[in-house]
A.B. asks: 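Would you mind keeping the following structure in view while I ask a few things?
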Amino acid sequence: MTEKPNRSLTELETALLSVLIGKEERYGLEMRQELGAQGRSISIGGLYTTLDRLEKQRLVTSRWGDPTEARHGARRRYYRLTALGETALRETLDIYARTLGRARRRLVTEGA
Amino acid sequence: MSNLSKNIVLEARTGSLFVDLAAVELKAAGTASPAVATTVTVVTTTTMMDQLQVVIGAPGALFPRWLDLLRYFLPHEWRDLLELVYGDIVEMKGKACPDWVIFVAVVCDLALTFIRQRWCLVWDLVRSFFF
């Protein structure tokens, strides 16, 4: 039986999981920069606490990289979307699509 | 076996070992401050702990002193977050960036995260009470 996510995602969670689609692994700064390019700013701590929450819900997995000199000896943490995360993302996007579709139809039929 | 070896809590990592500062008695090794040894590299290790030899200030240990102090005082669950925030800020700003700028950026980011988390808890409480 396929496991189902137990809740729909918040807007930030949806954006974060979307960044992970189709990529093998990505690290926090890379994800933050992509969100920034989409016009969404988020604090670094906020990014990692959200990713931590998603990992606890098994929507992403992560692993530590090696310490690098570019980070003064700090390590990167690499994230990957899980199958459960992909299901949660699909379901949330379906909800968005239905809501937006309804709103658009209403605007056309009842709008000024 | 020295006090240093006895009190070290080691956590295996690739190629190096990480020492929990809270558990290290560095005075035994003649080091004045616990802030200099976040990362140590094991030079000689056998199955016997008393033959464990560590080198303080290994090439990977580039963390500034204030970061080690912050790590020391932060709750355990925030230590990984501190490393990630620090690493990202250094990578973003480049190695030439003055240390104090990185310090301010790290502290502000952590403070913001802390306030946001606590505010969410308060908001959830208020919402569950009134709505």
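From a predicted model like this one, the values you see are computed outputs, not experimental measurements. Sequence lines set the chain letters: A, B, ... in the order given, protein chains first and strands last, and positions in each chain run from 1.
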A.B. asks: Looking at B:Val90, B:Leu112, B:Leu110, which one has more heavy-atom pairs under 4.5 Å with chain A than the rest?
C.D. replies: B:Val90
A.B. asks: Assess A:Arg26 against A:Tyr79: is NZ or CZ under 6.0 Å from the centre of the six-membered ring, and within 45 degrees of the ring's axis?
C.D. replies: no
A.B. asks: Decide, yes or no, whether a salt bridge links B:Glu83 with B:Arg79 under the criterion of side-chain N to carboxylate O below 4.0 Å.
C.D. replies: no
A.B. asks: Just give me the residue among B:Ile89, B:Leu82, B:Leu84 that pairs up with chain A most often, heavy atom to heavy atom, under 4.5 Å.
C.D. replies: B:Leu84
A.B. asks: In Å and rounded to the nearest 0.5 Å, what is the CZ to OG1 distance from A:Arg58 to A:Thr82?
C.D. replies: 8.5 Å
A.B. asks: B:Asp80 and A:Trp64: side-chain donor and acceptor closer than 3.5 Å?
C.D. replies: no
A.B. asks: Output the residues of residues 100-108 of chain B for which the shortest heavy-atom distance to chain A is under 4.5 Å, in residue-number order; output 'none' if no such residue exists.
C.D. replies: none
A.B. asks: Going by atom types alone, do A:Glu91 and A:Tyr96 pair a side-chain donor with an acceptor below 3.5 Å?
C.D. replies: no
A.B. asks: I'd like to know if A:Arg71 and B:Asp88 make a salt bridge, using a cut-off of under 4.0 Å between side-chain N and carboxylate O.
C.D. replies: yes
A.B. asks: Hey, are A:Asp52 and A:Lys56 close enough for a salt bridge, meaning a charged N less than 4.0 Å from a carboxylate O?
C.D. replies: yes
A.B. asks: Which residue out of B:Asp109, B:Leu81, B:Val85 racks up the most heavy-atom pairs below 4.5 Å with chain A?
C.D. replies: B:Asp109
